[in-house]
Structure formats: C-alpha cells, structure tokens
Amino acid sequence: MALVALANAKGSPGTTTAALVLALQWPRPVLLVEADLAGSSILAGYFRGQLPHDRGLQPLAIAHSHGDLEASFWEQTIPLVRNDPDKKLLPGIVSPHTAPAVANLWAPLANQLVALERGGVDVLVDLGRLGTGGVVREDREPIVRLADQVLITTGSRLPDIAVTRELVKSRTSVIDAAARDLTNLTALTIGPGRPYDANEIARTLGLGTVGSLAWDPVNAEVLSVGAPAGRRYSTSPLVRSAGPVISRLQDRTEKRRARFSTGPRDIGPGSGPRRPPAQWGADAGPRPVQAGPWRGDSRGDA
C-alpha cells in the first residue's frame with residue numbers, strides 16, 4: 001500500500017470522517033494529508049480548535065517556492081495521535097480563499113507522497129470535493145493520477161448516488177467491466193442500506209467497491225467535531241466497519257499493481273523524504289489495528 005486518496009461529489013457526505021477513521025485504524029505507519037480546497041476541518045473538528053493552524057500546506061508551499069520542499073516536509077506535520085509516532089497529519093489550507101497560494105504545490109507534493117513508500121509510510125489524502133472534467137479546473141490531478149486507489153465516497157440515498165455517478169462519468173470514458181479493472185477509482189459507501197447497499201451502488205457507478213463504513217452519527221462526531229468518545233467507541237459500528245474496508249483496499253491495490261506489473265514505486269534518488277527526522281516506531285512492519293482515536297485522554301499535540 002502506498003498512496004490512497006478519498007474524494008466526493010457535491011453534496012455527498014462523510015469523506016473527512018472516513019479518512020480519519022481509516023487513518024486511525026491503519027495497520028502501518030500512515031500520513032493523513034488534508035487536501036480539501038474548501039479548507040481545513042480536522043484542526044477545528046477532531047482537535048477541537050486546540051492547536052494553532054501554523055503548519056500544513058500553506059507553509060509547505062512557501063518552502064517549495066524557496067526550493068526547500070523536501071527539507072521542510074516533516075516540519076509541517078503534527079501527530080494525529082498523542083505519543084504515537086506512526087500516525088501524522090499534514091493540515092490543509094485555512095480557507096478556500098487561500099487555495100491559489102498552493103496551486104503550484106500539488107505536482108511536487110504528489111511526488112513527495114509517492115516517495116514515502118520507500119520508507120514504509122503509507123499516505124491517505126482527503127481531497128474533499130473533486131472537480132468534474134473541464135467544468136472545474138482540478139489542480140490536484142497529479143495526486144489523483146498517481147494514487148493507487150481513489151475512493152469515491154457516497155451516501156446510499158438517490159441524491160448522493162446521482163451526483164456521484166456524474167462525477168464518475170466525467171472521469172471515466174467507458175463505464176463497463178473493463179473500466180472497473182483499469183481505473184484507480186473505487187466506490188466507498190457511507191451508511192449502506194439507506195436504502196441501497198454497497199454492491200448495488202458500485203454497479204450503478206460502474207466501479208469496484210471496497211465496501212462501506214457504517215452509518216453511526218454519534219460516534220462519527222468523535223472524529224468530526226471532537227465529541228467525547230464513549231466507553232464503547234472502540235467497538236462501535238463505525239470503527240468496526242473500518243477494518244474490512246482497509247483489508248479490501250489492500251487487496252484491490254495488490255491486484256491492480258499485479259495487473260500492471262508494478263511493485264513499490266521508486267521515483268529516483270533525492271526525490272522525496274523517506275522518513276521524518278524521528279524514526280516512525282521500531283520498524284515499518286504491520287502493526288495491530290488501533291481500537292480508538294487516541295491513546296490516553298488527549299489528542300495529538302505539536
């Protein structure tokens with residue numbers, strides 16, 4: 001596994017919460033990148049506004065303009081979980097008005113993120129709403145193009161499915177069995193059975209699927225707005241549903257790489273940071289799945 005992006009169409013719910021729950025349950029060292037052009041929500045939500053927004057994509061774009069992208073990369077990340085060096089966050093932009101300031105960052109950033117695989121670090125990217133065809137310019141296209149999988153998140157109600165289908169149609173020239181094998185787009189359903197299930201939705205979209213995350217509004221607020229986690233959070237439907245999604249995601253990535261005869265990618269020496277200054281744990285091998293969003297009673301700190 002290396003680079004996985006999550007995106008949605010207009011009005012389709014849950015992408016940031018999905019990215020968070022997957023990152024927190026991820027079995028290997030992982031970096032979560034907040035790349036939503038609508039602005040950052042994790043610092044204000046999951047971290048409850050307790051951390052200053054002084055690191056992230058905007059300072060990284062300034063570093064890139066001075067030729068210091070690789071050297072400054074890890075300085076712009078923060079721990080996603082206190083005392084856990086294996087989970088980090090690269091915060092996004094402050095607001096949509098600052099999106100032009102990072103427009104030139106996406107292509108070099110995509111190469112940096114791919115390079116992390118050499119150091120045993122996986123990357124999840126929260127893209128938020130994805131542009132459609134030629135209607136909206138999509139500066140983040142390099143990330144979409146280089147991602148092993150792009151999870152298109154959708155609710156299970158007709159309005160969600162309809163707008164998601166239009167997004168998929170804009171990005172795939174042929175919606176048939178061959179396209180499902182070739183594209184890196186994959187469906188992720190948020191809240192199946194309201195009323196359609198993940199397989200029905202995937203067939204409608206013309207995509208494969210990694211399954212679904214449970215509709216669990218109470219526990220989702222632990223991640224989206226920093227609500228206190230109850231005693232049963234670690235065994236909640238939301239958390240339990242993340243494990244099977246990760247397994248199917250890993251399986252689809254391995255099969256797609258085998259189909260195209262691609263192994264771990266190497267984009268050349270000096271092309272990206274292999275590890276943060278402090279080693280991410282004792283080794284880069286698999287780790288047990290995390291039960292909850294943090295260890296102890298506090299979130300990550302600077």
Side-chain angles (χ1 to χ4, degrees), residues 1 4 6 8 12-34 36 40-53 77-92 122 124 126 151 153-157 160 188-195 197-198 210-250 280-282 285-302:
M1 192 76 69
V4 176
L6 295 91
N8 60 44
S12 193
T15 302
T16 299
T17 299
L20 270 168
V21 73
L22 293 178
L24 292 166
Q25 305 307 312
W26 205 256
R28 283 165 38 95
V30 65
L31 170 69
L32 174 58
V33 178
E34 200 174 14
D36 190 339
S40 171
S41 61
I42 293 178
L43 291 180
Y46 175 69
F47 285 103
R48 296 179 295 199
Q50 295 180 350
L51 299 180
H53 198 153
T77 66
I78 63 174
L80 189 60
V81 180
R82 185 186 292 274
N83 298 326
D84 187 345
D86 289 343
K87 300 184 187 299
K88 291 187 180 292
L89 170 70
L90 178 62
D122 295 330
L124 299 179
D126 175 12
L151 305 187
T153 66
T154 178
S156 62
R157 294 181 173 179
D160 299 326
L188 172 62
T189 300
I190 309 297
R194 310 175 70 241
D197 65 33
V210 290
S212 59
L213 293 175
W215 184 256
D216 188 3
V218 172
N219 290 294
E221 287 196 348
V222 174
L223 306 177
S224 62
V225 297
R231 289 185 303 169
R232 298 182 179 179
Y233 173 83
S234 62
T235 58
S236 67
L238 175 62
V239 171
R240 285 189 286 109
S241 65
V245 169
I246 293 172
S247 295
R248 293 186 69 173
L249 181 55
Q250 292 171 332
W280 285 44
R287 286 166 170 74
V289 171
Q290 297 287 335
W294 59 84
R295 296 173 182 165
D297 57 1
S298 300
R299 292 166 175 74
D301 53 12

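Heads up: numbering here begins at 1 and tracks the sequence. What you see is a predicted model; the values in this text were computed from it and never measured.
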Would you give the length of the straight line joining atom [atom1] of [X] to atom [atom2] of [Y], rounded to the nearest 0.5 angstrom?
X	Y	atom1	atom2	value
Asn8	Asp126	CG	CG	8.0 Å
Leu80	Leu20	CG	CG	6.0 Å
Leu124	Leu31	CG	CG	8.5 Å
Arg28	Gln250	CZ	CD	8.5 Å
Phe47	Leu89	CZ	CG	6.0 Å
Leu32	Thr16	CG	OG1	8.5 Å

request  = Identify, with sequence neighbours excluded, every residue that meets side chain to side chain contact (heavy atoms under 4.5 Å, CB included) alongside Asp36.
outcome  =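 Residues passing side chain to side chain contact (heavy atoms under 4.5 Å, CB included) with Asp36: Ala38.
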
query = Who are the side chain to side chain contact (heavy atoms under 4.5 Å, CB included) partners of Gln50, not counting sequence neighbours?
reply =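 Applying side chain to side chain contact (heavy atoms under 4.5 Å, CB included) to Gln50 gives Arg48.
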
Might you point out which heavy atoms bring [X] and [Y] nearest each other, and give the distance in Å?
X	Y	answer
Val222	Ala229	CG2-CA, 3.9 Å
Lys87	Trp26	NZ-O, 3.0 Å
Ile190	Gly14	CD1-O, 4.4 Å
Pro52	Leu43	O-CD1, 4.4 Å
Ala198	Pro192	N-CB, 4.4 Å
Gly191	Ser156	O-OG, 2.6 Å

request  = Identify, with sequence neighbours excluded, every residue that meets side chain to side chain donor-acceptor pair (under 3.5 Å) alongside Ser40.
outcome  =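 Ser40 satisfies side chain to side chain donor-acceptor pair (under 3.5 Å) with Glu34 only.
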
request  = Please list, chain by chain and in numerical order, all residues satisfying side chain to side chain donor-acceptor pair (under 3.5 Å) with Thr17, sequence neighbours excluded.
outcome  =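 By the side chain to side chain donor-acceptor pair (under 3.5 Å) rule, Thr17 matches no residue at all.
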
query = Is the side chain of Ser212 donor-acceptor paired with the backbone N or O of Thr189 at a distance under 3.5 Å, no angle test?
reply =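 Not at all, since once roles are kept as given, no pair shorter than 3.5 Å links the two residues.
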
key: Side-chain donor or acceptor of His53 paired with backbone N/O of Pro91 under 3.5 Å   =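 Answer holds: no.
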
ask   = Are side-chain N/O atoms of Thr154 and Asp160 paired as donor and acceptor at under 3.5 Å?
value =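 Looking only at side-chain atoms, Asp160 and Thr154 do not form any donor-acceptor pair under 3.5 Å.
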
query = Any side-chain donor-acceptor pair under 3.5 Å between Thr153 and Thr15?
reply =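 Thr15 and Thr153 do have a side-chain donor-acceptor pair below 3.5 Å.
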
query = How far apart are the C-alpha atoms of Leu213 and Val21, what are their side-chain angles, what is the distance that settles it, and do they pass the side chain to side chain contact (heavy atoms under 4.5 Å, CB included) test?
reply = CA-CA 9 Å; Leu213 293 175; Val21 73; 3.9 Å; yes

message = For a 4.5 angstrom cut-off between non-hydrogen side-chain atoms, does Leu6 reach Leu22?
response =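 Result yes, sub-4.5 Å side-chain heavy-atom pair found.
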
Donor-acceptor pairs are to be reported for all side-chain atoms of residues 236-247 against protein atoms at under 3.5 Å, with residues two or more places apart or in another chain.
{"from": "Ser236", "atom 1": "OG", "to": "Tyr233", "atom 2": "O", "distance (Å)": "2.8"}
{"from": "Ser236", "atom 1": "OG", "to": "Val239", "atom 2": "N", "distance (Å)": "3.4"}
{"from": "Arg240", "atom 1": "NE", "to": "Thr235", "atom 2": "O", "distance (Å)": "2.8"}
{"from": "Ser241", "atom 1": "OG", "to": "Ala214", "atom 2": "N", "distance (Å)": "3.1"}
{"from": "Ser241", "atom 1": "OG", "to": "Pro237", "atom 2": "O", "distance (Å)": "3.1"}
{"from": "Ser241", "atom 1": "OG", "to": "Leu238", "atom 2": "O", "distance (Å)": "2.8"}
{"from": "Ser247", "atom 1": "OG", "to": "Gly243", "atom 2": "O", "distance (Å)": "3.3"}

task = Decide side chain to side chain contact (heavy atoms under 4.5 Å, CB included) for Leu24 and Leu223; before the verdict, give the C-alpha distance in whole Å, the side-chain angles of both, and the deciding distance to 0.1 Å.
result = CA-CA 10 Å; Leu24 292 166; Leu223 306 177; 3.6 Å; yes

